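Data first, discussion second: the structure below is written as structure tokens.
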Amino acid sequence: MNMYVSSRELAKWGYFHLKKGNVDGKQIVSNEIIDIATTVQTPNSLDVELPQNGYLWFVKDLPARKSEIGELVSKGSFQNLGYTGVTLLVIPQHNLVAVRAFNSFGSPNGFDYLADVREFGNTIMTCLISASH
């Protein structure tokens with residue numbers, strides 16, 4: 001909380017992870033570190049309905065009822081969330097980084113955060129699918 005960045009900066013952070021730590025042909029962070037951060041590290045002993053996590057990323061792997069990532073989003077994708085409604089979604093299968101920012105605190109009564117953040121990813125995937133036809 002209290003990390004103030006622009007949507008463009010968040011997109012660059014996502015792109016950095018999408019490209020496995022490589023910036024302009026220079027390996028800044030080893031791709032092994034990026035792989036560890038963006039693949040499932042959640043212990044097998046936890047409830048399978050809980051979100052799967054890498055390091056500082058939610059990771060799309062097995063279907064999970066409580067996942068923050070939409071069901072249409074490709075396996076292997078990863079997502080980061082922020083307190084003010086910020087969502088940073090990386091979909092490696094489509095070489096895509098998507099960011100949304102509300103830049104407001106709090107939610108209206110009845111707001112379903114989990115459904116809303118899932119819908120963001122599903123909307124991105126629906127657009128990708130529509131564009132490919």
Side-chain angles (χ1 to χ4, degrees):
M1 192 165 145
N2 296 330
M3 183 173 91
Y4 298 96
V5 298
S6 70
S7 295
R8 180 172 289 167
E9 290 167 324
L10 281 173
K12 285 180 181 180
W13 182 245
Y15 190 73
F16 178 76
H17 284 78
L18 176 68
K19 295 303 178 187
K20 299 190 178 285
N22 190 300
V23 177
D24 297 328
K26 184 175 180 186
Q27 196 69 42
I28 305 298
V29 174
S30 75
N31 56 6
E32 291 87 3
I33 295 294
I34 301 296
D35 284 341
I36 289 169
T38 60
T39 57
V40 175
Q41 303 299 320
T42 302
N44 293 333
S45 60
L46 292 182
D47 182 351
V48 296
E49 295 300 332
L50 293 173
Q52 291 107 33
N53 300 296
Y55 289 109
L56 302 176
W57 292 96
F58 294 107
V59 178
K60 179 70 180 268
D61 191 46
L62 301 173
R65 192 172 45 83
K66 297 179 182 176
S67 176
E68 289 86 350
I69 303 176
E71 61 274 359
L72 299 179
V73 176
S74 308
K75 184 176 179 178
S77 298
F78 44 98
Q79 180 170 269
N80 209 319
L81 305 173
Y83 179 73
T84 59
V86 170
T87 306
L88 168 56
L89 175 62
V90 180
I91 307 174
Q93 180 181 358
H94 294 282
N95 199 36
L96 181 99
V97 174
V99 175
R100 77 165 184 182
F102 292 149
N103 295 326
S104 63
F105 290 99
S107 301
N109 286 337
F111 180 73
D112 185 339
Y113 175 75
L114 192 54
D116 180 72
V117 75
R118 284 182 188 146
E119 189 57 31
F120 172 70
N122 287 339
T123 299
I124 297 297
M125 289 303 296
T126 299
C127 292
L128 283 169
I129 292 164
S130 294
S132 68
H133 289 111

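These numbers come from a predicted model, not from an experiment.
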Can you hop from [X] to [Y] via hydrophobic side chains spaced under 4.5 Å?
| X | Y | value |
| --- | --- | --- |
| Val40 | Leu50 | no |
| Ile34 | Val97 | yes |
| Ile28 | Val5 | yes |
| Phe78 | Trp13 | yes |
| Leu10 | Leu56 | no |

Distance (rounded to the nearest 0.5 Å) between [X] [atom1] and [Y] [atom2]:
| X | Y | atom1 | atom2 | answer |
| --- | --- | --- | --- | --- |
| Arg118 | Ile69 | CZ | CD1 | 10.5 Å |
| Leu89 | Leu81 | CG | CG | 9.5 Å |
| Phe58 | Gln52 | CZ | CD | 11.0 Å |
| Leu62 | Glu49 | CG | CD | 10.0 Å |
| Ile91 | Leu128 | CD1 | CG | 6.0 Å |
| Leu88 | Phe120 | CG | CZ | 8.5 Å |

Using a 3.5 Å distance criterion without hydrogens, assess whether the side chain of [X] forms a donor-acceptor pair with backbone atoms of [Y].
| X | Y | answer |
| --- | --- | --- |
| Glu68 | Tyr113 | no |
| Asn122 | Leu72 | yes |
| Thr42 | Asn53 | yes |
| Gln93 | Ser77 | no |

Distance-minimising heavy-atom pair for [X] and [Y]:
| X | Y | result |
| --- | --- | --- |
| Lys66 | Pro51 | O-CG, 3.4 Å |
| Gln79 | Trp57 | C-CE3, 3.4 Å |
| Pro92 | Leu18 | CA-CD1, 3.6 Å |
| Ala98 | Ile124 | CB-CD1, 3.9 Å |
| His94 | Met125 | NE2-CE, 3.8 Å |
| Glu71 | Lys60 | O-NZ, 3.3 Å |

How about Asn31 and Gln27: do any of their side-chain heavy atoms sit closer than 4.5 Å?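 The answer is yes, as the side chains (C-beta and beyond) meet within the 4.5 Å cut-off.
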
Just wondering, do Tyr55 and Ile33 contact through their side chains at under 4.5 Å, heavy atoms?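 When only atoms from C-beta onward are counted, Tyr55 and Ile33 do not touch, as no gap falls below 4.5 Å.
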
Test Thr38 against Val90 for side-chain contact (heavy atoms from CB on, under 4.5 Å), laying out the working first. CA-CA 10 Å; Thr38 60; Val90 180; over 6 Å; no

Could I get the full list of salt bridge (Lys or Arg N to Asp or Glu O under 4.0 Å) partners for Lys12, not counting sequence neighbours?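 Lys12: no salt bridge (Lys or Arg N to Asp or Glu O under 4.0 Å) contacts found.
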
Verify whether one side chain among Thr39 and Gln41 offers a donor that lies under 3.5 Å from an acceptor in the other.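 Side chains of Thr39 and Gln41: pair found under 3.5 Å.
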
